[in-house]
Amino acid sequence: MPHYATSNPVVGKTYAEMVLALLRDLTAKSQIEATVYLIELGAGHGRLCYHFIKNFETYHQPAIAPPFCYVLSDFTKANLDFMKNHTRLQPYLEKGWIDFALFDATTDTHIQLTHSSRTIKTNTLEQPLVVIANYFFDSIPQELFRIQNGKIEQTLLSISLNQLKKRLIPIHLFIH
């Protein structure tokens with residue numbers, strides 16, 4: 001997984017700016033009582049959350065905005081344990097700005113937060129749920145269907161080595 005390409009300070013800042021804009025919009029609509037949850041699917045190491053939260057903290061004005069919680073989720077308990085115990089995330093856990101969830105997007109139907117014990121299910125939130133699926137969809141099973149002549153058909157993709165060999169472009173590297 002290209003950690004730096006998907007979890008760098010610029011990406012974290014960009015997401016933080018978008019969420020801050022959402023919070024400003026909700027504040028303008030006087031929707032400031034209920035918590036806004038952001039869930040990161042497949043958070044892995046928690047690096048994106050850290051970059052996000054550092055930028056968010058710089059510009060967030062909690063006195064005039066809805067409460068906020070960034071949920072780090074993964075389908076692996078070991079990843080969650082690592083993030084739960086990471087010293088750089090502890091101040092945000094204490095503030096209630098982050099929580100954790102063991103979540104498998106291929107089977108689970110609700111999100112059980114481990115720190116607050118809150119359960120997020122369909123139609124249980126008063127605020128919009130913000131979802132970050134940064135470099136996530138390549139790690140879950142995908143299916144492709146098409147409709148042709150009024151019938152739905154499953155589409156299967158296959159690539160053979162012979163097809164790839166015909167399309168490869170030789171690259172020459174010159175190192176000085």
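Computed from heavy atoms alone, side chains included, the values below leave out hydrogens, waters and symmetry copies. Numbering starts at 1 and runs along the sequence shown.
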What's the separation between atom [atom1] in [X] and atom [atom2] in [Y], rounded to the nearest 0.5 Å?
{"X": "Thr114", "Y": "Asp99", "atom1": "OG1", "atom2": "CG", "result": "5.0 Å"}
{"X": "Leu89", "Y": "Lys84", "atom1": "CG", "atom2": "NZ", "result": "12.5 Å"}
{"X": "Tyr59", "Y": "Arg24", "atom1": "OH", "atom2": "CZ", "result": "11.0 Å"}
{"X": "Ile98", "Y": "Cys69", "atom1": "CD1", "atom2": "SG", "result": "8.0 Å"}

Minimum side-chain heavy-atom gap [X]-[Y] below 4.5 Å:
{"X": "Thr124", "Y": "Thr119", "value": "no"}
{"X": "Tyr15", "Y": "Leu38", "value": "no"}
{"X": "Leu26", "Y": "Pro128", "value": "yes"}
{"X": "Val11", "Y": "His51", "value": "no"}
{"X": "Phe100", "Y": "Leu93", "value": "yes"}

For [X] against [Y], the heavy-atom pair lying closest together:
{"X": "Ala133", "Y": "Leu41", "result": "CB-CD1, 4.3 Å"}
{"X": "Ala34", "Y": "Pro67", "result": "O-CD, 3.6 Å"}
{"X": "Pro66", "Y": "Thr27", "result": "CD-OG1, 3.4 Å"}
{"X": "Leu113", "Y": "Ala101", "result": "CD2-CB, 4.2 Å"}
{"X": "His110", "Y": "Lys121", "result": "CB-CG, 3.6 Å"}

Using only atom types and a distance under 3.5 Å, with no angle test, would you say the side chain of [X] pairs donor to acceptor with the backbone of [Y]?
{"X": "Gln154", "Y": "Arg146", "result": "no"}
{"X": "Thr14", "Y": "Val10", "result": "yes"}
{"X": "Thr35", "Y": "Phe68", "result": "no"}
{"X": "Gln112", "Y": "Ser117", "result": "yes"}

Notebook entry, point to check: Taking atom CD of Gln148 as the centre, does the number of heavy atoms from other residues, nucleotides or ligands within less than 6.0 Å exceed 12?
Noted result: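 Buried by this count: over 12 neighbours within 6.0 Å.
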Next item on the list: Answer yes or no: are there more than 12 heavy-atom neighbours, outside Lys77 itself, under 6.0 Å from its atom NZ?
Entry: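 Not buried by this count: 12 neighbours or fewer within 6.0 Å.
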Next item on the list: Spell out, yes or no, whether Trp97 and Met18 are grouped together once hydrophobic residues are joined by side-chain heavy atoms under 4.5 Å, including indirect joins.
Entry: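 Yes, it is one cluster - the side chains of Trp97 and Met18 are joined through contacts under 4.5 Å.
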Notebook entry, point to check: Are Ile32 and Val19 in one and the same hydrophobic cluster, where Ile, Leu, Val, Met, Phe, Trp and Tyr link if side-chain heavy atoms are under 4.5 Å apart?
Noted result: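 Ile32 does not cluster with Val19.
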Next item on the list: Quick one: list whatever passes side chain to side chain contact (heavy atoms under 4.5 Å, CB included) with Asp25, sequence neighbours left out.
Entry: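 None.
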Checklist line | Donor-acceptor pair between Glu57 and Tyr92 side chains, under 3.5 angstrom | finding: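 There is such a pair (donor and acceptor under 3.5 Å, judged by atom type) between the side chains of Glu57 and Tyr92.
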Note to self: Under 3.5 Å, is there a donor on one side chain and an acceptor on the other for Tyr37 and Gln127?
What the structure shows: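 Not at all, the side chains of Tyr37 and Gln127 share no donor-acceptor pair under 3.5 Å.
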Item checked: From CA spacing to verdict: side-chain contact (heavy atoms from CB on, under 4.5 Å), Arg88, Ile53 -> CA-CA 11 Å; Arg88 295 206 181 189; Ile53 214 84; over 6 Å; no
Item checked: side-chain contact (heavy atoms from CB on, under 4.5 Å) between His60 and Leu20, intermediate numbers included -> CA-CA 7 Å; His60 181 55; Leu20 287 162; 4.0 Å; yes
Check: Between His86 and Phe82, how do the two ring planes meet: parallel, tilted or perpendicular, split at 30° and 60°?
Finding: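 If you compare the ring of His86 with that of Phe82, the planes turn out perpendicular.
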Checklist line | Validation row, ring centre Phe56 to ring centre Tyr70 under 6.0 Å | finding: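 No, they do not, as the ring centres are separated by 6.0 Å or more.
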Notebook entry, point to check: Of Ile111, Leu72, Leu80, Val71, which is the lone residue that meets side chain to side chain contact (heavy atoms under 4.5 Å, CB included) with Phe103?
Noted result: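 The side chain to side chain contact (heavy atoms under 4.5 Å, CB included) with Phe103 is passed solely by Ile111 among Ile111, Leu72, Leu80, Val71.
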